[in-house]
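Everything on this sheet refers to the single structure shown next.
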Amino acid sequence: MPLQWLFLIVLAIATLGYVMGRRRALAAAHHDRRRLHSLPSYYGANAGLKAFVPAFLFAVIWLLVQPLVVTNTVSNMLGADVIPDTSSRGLVMSEVRRAADGLDAAVAQGFITKDRARSADADLNEVTESLKSAGQIITSELTRPILNAAQRYRAMTGAGASIMSGLVILIALAGALWGIWQAKAEFRARNVVEQGIRALLIAAASIAILTTLGIVLSLIFNTIEFFRLYPAADFFLGLNWAPSFSGRGGSSDLGVLPLLWGTLYISLVALSVAVPIGLFAAVYLSEYASPRARGIAKPLLEILAGIPTIVYGLFALLTVGPLLMQVFGEDGLGWMQAGTAVMTAGLVMGIMLIPFVSSLSDDIINAVPQAMRDGSYGLGATQSETIRQVVLPAALPGIVGAILLAASRAIGETMIVVLGAGAAARLSLNPFDAMTTVTAKIVSQLTGDADFASPEALVAFALGMTLFVITLALNVFALYVVRKYREQYE
Amino acid sequence: MTETALNPRPMPVKKDLMVEDANTRRRNAAEKRFRAYGLAAILIGLFFLIVLAVSILRNGLPAFTQTVVSVEFTLKAADRDAAESQLFKTKAYQDLFIAELAGKLDERGVEVVFDAATIERLLGKIGGDLRAFYQANPDRVGEPVSFELPASSRVDGYFNGRVTRETLQDSRFLMAADLDLVDAMQEAGIVQSSLNWTFLTGADSGVDNPGGAGIGASVIGSFFMMLVVLVLSLPIGVAASIYLEEFAPKNRFTDLIEVNISNLAAVPSIVFGILGLAVFIQFMHLPQSAPLVGGLVLTLMTLPTIIISTRASLKSVPPSIRDAALGVGASKMQSVFHHVLPLAMPGILTGTIIGLAQALGETAPLLLIGMVGFVARGYPDGFVAGFTEANSAMPAQIYTWAARADASFYDKAWGGIIVLLVFLLSMNILAILLRRKFERRW
Amino acid sequence: MYDSPISERQLTQQEIKFSARGVQVYYGDNHAIKGVDVDLEDKTVTAFIGPSGCGKSTFLRCLNRMNDTIDICRVEGTITLDDQDIYDKRVDPVQLRARVGMVFQKPNPFPKSIYDNVAYGPRIHGMARNRDELDSIVEKSLRRAAIWDEVKDRLNAPGTGLSGGQQQRLCIARAVATEPEVLLMDEPCSALDPIATAQVEELIDELRQDYSVVIVTHSMQQAARVSQKTAFFHLGHLVEFGETSQIFTNPEDKRTESYITGRIG
C-alpha cells in the first residue's frame with residue numbers, strides 16, 4: 001500500500017476518533033457541557049491524538065528499521081565466495097539493491113511478469129533483457145546469487161510493507177478506541193491533551209539534536225567505511241589528489257592537503273576582500289552616516305547577502321573570470337591561464353561576505369556603550385581616533401567572532417568554488433592558478449558515476465567530516481567569543 | 001628650543017583656539033582620510049551590487065526573447081505527392097521550403113545566395129517539422145499557412161550582440177557566411193523577435209539543443225520542494241520554538257538543543273546535502289532527484305533559521321499578555337496558543353518566508369541528492385505526477401546550464417537567474433509588506 | 001534676567017576663565033537652556049545645582065562642545081574661553097577639549113590597561129616625545145588623582161577591573177593627564193559609595209590649586225562641601241549665581257530658597 005494512502009487512512013481514523021470522542025463526552029454529560037471537566041473538543045482531541053501519534057511514530061520507526069533488517073539478512077545470505085576480491089560486500093549489496101529496484105521497475109512497466117520476477121530459477125538472460133528494456137542501468141553481469149539475493153530483498157521489502165500497513169492501522173484503531181472509551185465527564189481531558197501536546201513540542205525541539213546526530217552518524221559511518229578501503233594516513237597527509245575515474249578502486253591518490261590548501265587560500269582571498277570593506281562599511285554606517293544614508297545604504301548592502309550563491313557562482317564564472325583574464329591573462333600580464341582561479345572565486349566570495357561582516361560588525365560596534373565614546377571625545381580625541389583606539393579595541397572580541405563566522409562561511413561555501421575556482425587540485429602559491437576545495441570535491445565525487453561503496457565516492461564523506469569538524473570548531477569558538485562579548489556590555 | 005628640550009613636558013602654554021596647530025592639522029587630515037575609507041567601502045559594496053545587477057540583466061534578458069523567422073508557406077498537393085514519393089522525404093520538404101523562401105526574398109528585392117546546409121544551421125531540421133505538420137493536418141494542403149520557425153540560439157546571439165561576424169568561428173553550428181542570409185531575411189522583414197515561451201514553460205533540453213531549454217519544469221520542481229519545506233518546517237519550527245521559549249526548563253537537555261540549533265544554523269549547506277544523501281537516499285531508499293527528498297533536506301536546513309526568528313517574535317510578546325490569560329484561569333498551554341502565538345504570528349510568517357526564500361536559492365545540497373542534469377521525458381505529463389518523481393529545481397537547473405560546455409546555455413543560466421530572483425524578490429517584498437501591515441510596538 | 005546684577009556684585013578675586021552670554025540650547029524643538037549669562041573663574045570650584053532636567057548638565061556640556069556629538073542639538077549665544085569664542089567657526093572642538101577636560105557621571109574607563117587609559121590623552125595630543133616622558137606624565141596624573149599608590153604595581157591590569165571609586169579616580173587621572181585648564185565634572189560621584197565619594201571630593205579640592213573645576217551635582221551637601229561658587233539652575237534658567245556660602249545661607253531668589261530647603265526638586 002502506498003504510504004500516502006496509509007497516511008490518509010490513519011488521518012481518517014484520527015478524525016473519526018475526534019468526532020466520536022467529543023460526541024461521547026457530551027452524551028456522558030447529558031449534553032450539558034458544564035458538567036464536563038474540560039471543553040468537549042479536548043475529549044475529541046484526546047481520541048484523535050491517541051489514534052494518530054502512536055501509529056505515525058510506529059510507521060516512522062518501522063520505515064527506519066526495516067531497511068537495516070532486510071539489508072542485514074540479505075547480506076548474510078551472500079556467502080564470502082560471492083564477493084570478488086576486487087570488490088567489497090557493500091558494493092555487492094548495492095548491486096543487489098539495484099537489481100531489486102530494476103525488477104520493481106520492470107514489473108511496473110510490464111516487461112516481466114510478477115511470477116517470473118519472483119521465481120528462484122528465472123532465466124538470467126531473460127531477466128537481464130527485461131531490466132534493460134525497462135531502462136534500468138546494469139553495471140555488471142547479473143549472477144545467480146545476486147539475482148536470488150535481489151529476489152529475497154524484494155520479497156522481504158514487500159512483506160515488510162504489508163505487515164507495517166496492517167499494524168499501523170491496528171494501532172491507530174486501538175488508540176482511537178481507547179481515547180473514545182476515556183471520554184467520560186470526570187476524565188481530565190485537557191490535562192491529558194496538554195501533556196500530549198507538550199510531548200509533541202519537545203519532540204519538535206529535539207529534531208535539532210536528531211539532525212546533528214544524523215549528520216554526525218552518516219559522516220562517521222561512511223568515513224570509517226572509507227578508511228577501511230583507504231589508509232587514513234594517506235588521506236590526511238597525502239600531497240596528491242588524483243581519483244581514478246573508473247569508480248572501481250584502482251590507484252587513486254586521495255590526499256586531502258591540496259584541497260585544504262585550496263579551501264584556505266580561497267577563504268583567505270575572500271576574507272581579505274570582505275573584512276576591510278565590511279569593517280569600514282560598518283564603521284561608516286554606525287559612526288558617520290546620517291540616519292537617512294544609513295537607511296538607504298544598509299538594506300542595499302544586505303541585498304548582497306540575500307542573493308543565492310548560485311548567482312555568485314555564475315557571476316564568477318562568466319563575468320569576473322573573463323574580466324580578470326583580460327587584465328591578468330595572456331593578453332595582459334600573463335599570470336593567468338584560465339578564468340577559473342583562486343582569485344576569481346575568492347573575489348566573488350569576498351563580495352558575498354561583505355554584508356555578512358558589515359552587519360555583524362555593525363551590531364557589535366553599536367553595542368559599545370556611548371560612555372566610551374564620550375570619555376574619548378571629552379579628552380579631545382577626534383572621531384577617527386575614538387573609533388580606532390577606543391571603539392574598535394572594545395569591540396575587538398566581537399569582531400573577531402564575526403570574522404570567524406565569515407571564515408566558516410567561506411570554508412563551507414560550495415557553488416562559487418564549484419563554478420569559479422576550477423577543478424584541478426594543486427598546491428600552489430599563485431592566486432591566479434586554478435585550485436579546488438573540499439566542498440567542490442564533495443560535489444564532484446558524489447555526483448559522478450562512482451558507486452557509493454567505492455573509495456572514490458566514500459572519500460566525499462571523509463571530506464565532509466573534515467569540513468564539518470573545521471566549521472564546527474570555528475562556529476563554536478566564534479559563538480562563544482561573541483556571547484562572552486555581549487555579556488560584557490549587558 | 002633648547003629650553004623646551006630640557007623641559008620633560010611641553011610647557012602648558014596658552015594655545016590660541018582660533019589657530020589650528022600642526023598636530024591638530026595632522027589629526028584632522030587623518031580624520032578625513034579615515035572617513036573617506038569608510039565611504040569608499042560603502043561605495044565599493046554598492047558598486048559590486050550594481051555590477052552584479054547589470055550583468056544579470058544584460059546577460060539574462062536575451063533568454064526571454066527568441067528570434068523567429070515567420071514565413072508564409074503554401075504546399076501544393078502535387079508538390080506533396082512528389083515529395084512523399086521520394087526516398088529522402090524530409091529533404092524534399094526542405095527543398096520546397098527553400099524554394100519558397102528564396103522566392104519570398106526575391107519578391108522583396110533582396111538577393112542572397114544560400115543552400116540547404118545554411119537553412120539547416122539556421123532553422124534546424126525544418127523539413128521534418130513541415131512534413132509532420134502536413135501529416136497531422138492534411139486539410140491544410142493547398143492553402144497558405146504561416147509558420148513561425150525559431151532560429152537557432154546562435155542567430156539569437158547574433159541579434160543581441162553576443163555573436164558578431166568578427167568573433168564568430170565557423171563551426172557546424174553557424175558559419176560567418178550564414179549571417180548574409182540572416183541579414184537578408186532581416187532586411188526582408190521576415191525575422192522578428194518574440195517572447196520565448198519555451199524558455200518560460202519548458203523543461204531542460206538535451207546538451208545539443210540550447211534553443212529548446214526551458215526553466216518551467218524546474219520552477220514546478222522548486223514549487224513542490226517549497227511546499228514540502230513549508231508544510232514541515234513551519235509547524236515543526238513553531239512547535240520547537242514554543243517549547244524552547246515558553247515551556248523549557250533550564251536544564252542540560254535544553255542547553256543541548258540550544259547549542260545544536262545555533263550550530264546547525266552555521267553548518268555549511270553541503271553538509272546537509274551529505275546528510276540527505278546518506279540518510280534519505282542510501283539508508284531510507286527514497287527516490288533520487290525527487291522534490292520530496294530535496295524538500296526534506298531543505299527543511300532540515302531551514303529549521304534553525306525559522307526557529308531563531310520565531311523565538312524572537314515570541315519573545316517580543318510582552319509577559320503581561322501571558323499573565324492576563326493565566327489570570328482569568330487559562331492553562332499555560334491555552335495562554336500560549338490563544339494569545340501569544342496569534343500575536344507573534346506576523347513575525348513568524350515573515351521569518352518563515354525569509355527562510356523559504358533562502359531555501360529556494362540553495363543549490364549545493366540539491367546537487368548531492370541528484371537534482372541535477374534532469375531532462376524531462378514526456379514533458380509536460382512526466383513531472384506533475386508528484387513529489388516522488390524525478391525533477392529539477394531552479395538553482396540546480398541554472399547550475400546544470402552553467403556547467404555545460406556550450407556557451408549558448410549561459411544565456412539560459414542568466415535568464416534562469418532572473419526568474420529565480422523575481423521569485424526571491426516577491427517573497428521578500430511579501431515579507432516586508434507583512435511586517436509593515438502587522439508590525440506592533442509594545 | 002537675574003544673572004547680570006548677581007555677577008556684577010561679585011568680588012572678582014580670580015581671572016575669569018569662561019564667560020557665557022545669552023546662551024540658548026535647543027534639542028530639536030525642546031528649549032533646554034534659556035538665556036544663561038555667567039562668568040566662571042580660574043582656580044575655583046564652581047558647582048551647578050538644580051532639580052533634574054533643569055539644564056545644568058546640558059550647560060556643562062556646552063563648555064567643551066560635547067553637545068556637538070548630538071545631531072539635534074543647537075547652541076546659540078556666545079561662550080568665551082580666555083576671551084576667545086569657543087563656538088567660532090575656526091575653533092576645532094578637538095583642540096578645545098584638550099584644554100577643557102571632562103569627567104562623566106558613570107566611570108567609563110576604556111577596556112585597556114590602567115597605563116593606556118591615562119596615556120591615551122597625552123598620546124593623541126602628542127604631548128610626550130618618548131616613553132620616559134609618557135611614564136612620568138602617567139605617574140604624575142595618577143598621583144594627582146590620588147590613586148597612584150593603589151595601582152602602581154598593576155599598571156598593566158585592565159582599568160575595568162578596578163572598583164567604582166578607583167575607576168572614577170582613574171577617569172580623573174585620565175582627564176588631568178592632558179593638562180587641561182578647566183575640568184568639567186558631570187555628577188562625578190553619583191555612581192559611587194560614600195567612602196569613594198569622600199575620596200573624590202577631597203581630590204576635587206586639591207585640583208583647585210591648578211584648575212578651574214566645574215562640577216554638576218545633585219547633592220547640595222556636596223556643593224556646599226567642595227565649591228566656592230554655586231550656580232542654581234531651574235527649568236533652563238540660571239536663577240542665582242554667587243558665593244557658595246551666600247547661596248546656602250542667604251539666597252536671594254525664592255526658587256533657590258525653596259530648592260535648598262527641599263520644597264522643589
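By convention in this document, chain letters (A, B, ...) are assigned in the order of the sequence lines, proteins followed by strands, and residues within each chain are numbered from 1. Just so you know, these numbers come straight off a predicted model, no measurement behind them.
For chain B, no part of A/Ile411 is nearby; none of its heavy atoms comes within less than 4.5 Å. In this structure, chain B has a heavy atom under 4.5 Å from the side chain of A/Leu419, while its backbone stays farther away. Within the 4.5 angstrom heavy-atom criterion, only side-chain atoms of A/Tyr312, from C-beta onward, approach chain B. Within the 4.5 angstrom heavy-atom criterion, only side-chain atoms of A/Ile207, from C-beta onward, approach chain B. Both the backbone and the side chain of A/Arg198 have a heavy atom closer than 4.5 Å to some heavy atom of chain B. Contacts between A/Leu479 and chain B at a heavy-atom distance below 4.5 Å involve the side chain alone, from C-beta outward. The contact between A/Val283 and chain B is made entirely by side chain atoms (from C-beta outward), counting heavy-atom distances below 4.5 Å. If you measure heavy-atom distances from A/Ala293 to chain B, you find no contacts under 4.5 Å at all. Interface remark: B/Leu303 contributes side-chain atoms only to the contact with chain A (heavy atom separation under 4.5 Å). Only the side chain of A/Ile354 has a heavy atom closer than 4.5 Å to any heavy atom of chain B. For chain B, the nearby parts of A/Ile202 are the backbone and the side chain; heavy atoms of each come within less than 4.5 Å. Residue A/Leu217: no heavy atom, backbone or side chain, is found under 4.5 Å from chain B. Neither the backbone nor the side chain of A/Val320 comes within less than 4.5 Å of any heavy atom of chain B. Neither the backbone nor the side chain of B/Ile354 comes within less than 4.5 Å of any heavy atom of chain A.
One finds the CZ atom of B/Arg27 at 4.0 Å from the CD atom of A/Glu385 (value rounded to the nearest 0.5 Å). Taking CG of B/Leu368 as the start and CG of A/Leu446 as the end, the distance is 5.5 Å to the nearest 0.5 Å. Note that OG of A/Ser358 and CD1 of B/Ile42 are 7.5 Å apart. Values are rounded to the nearest 0.5 Å. To the nearest 0.5 Å, atoms CD1 (B/Ile270) and OG1 (A/Thr439) are separated by 6.0 Å. The CG atom of B/Leu264 lies 3.5 Å from the OG1 atom of A/Thr212; values are rounded to the nearest 0.5 Å.
For B/Asn260 (side chain) and A/Ile209 (main-chain N/O), no donor-acceptor pair under 3.5 Å exists by modelled atom type. Using a distance-only test at 3.5 Å, with no hydrogens or angles considered, no donor-acceptor pair links the side chain of A/Gln383 to the main chain of B/Glu31.
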Q) Step by step, would you call B/Trp414 with A/Thr319 a side chain to side chain contact (heavy atoms under 4.5 Å, CB included)? A) CA-CA 11 Å; B/Trp414 286 112; A/Thr319 307; 3.5 Å; yes

Q: Check the pair B/Leu39 / A/Tyr288 against side chain to side chain contact (heavy atoms under 4.5 Å, CB included), numbers first and verdict last.
A: CA-CA 9 Å; B/Leu39 194 59; A/Tyr288 287 107; over 6 Å; no

Q. Can you check side chain to side chain contact (heavy atoms under 4.5 Å, CB included) on A/Ile215 and B/Ile274, steps first, answer last?
A. CA-CA 8 Å; A/Ile215 290 176; B/Ile274 295 182; over 6 Å; no

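Ring centroid separation for the pair A/Phe280 and B/Phe34 comes in under the 6.0 Å cut-off.
Under the 4.5 Å side-chain criterion, counting only non-hydrogen atoms from C-beta, B/Leu424 is in contact with A/Pro308. Contact annotation: the side chain of B/Tyr399 approaches that of A/Val418 to within less than 4.5 Å [non-hydrogen atoms, C-beta and beyond]. Between B/Gln334 and A/Arg190, the closest side-chain pair of non-hydrogen atoms falls below 4.5 Å. Side-chain contact between A/Glu194 and B/Ser331 is present, with heavy atoms from C-beta onward closer than 4.5 Å. Taking 4.5 Å as the limit, some side-chain heavy atom of B/Phe253 sits within range of a side-chain heavy atom of A/Ser206. The shortest distance between side-chain heavy atoms of B/Leu275 and A/Thr211 falls below 4.5 Å.
Put simply, of A/Ala203, A/Gly412, A/Ala205, A/Gly464, the one with the most heavy-atom pairs under 4.5 Å next to chain B is A/Ala205. With chain B as partner, the option from A/Leu279, A/Thr309, A/Ile197 having the largest number of non-hydrogen pairs under 4.5 angstrom is A/Ile197. The most heavy-atom pairs under 4.5 Å with chain B, out of A/Val216, A/Leu317, A/Ile307, A/Leu304, come from A/Leu304.
The two residues A/Thr447 and B/Leu367 have their closest heavy-atom pair at CG2-O, 3.2 Å.
Contacts between residues 466-474 of chain A and chain B, counted as heavy-atom pairs separated by less than 4.5 Å, involve A/Leu467, A/Phe468, A/Thr471, A/Leu472.
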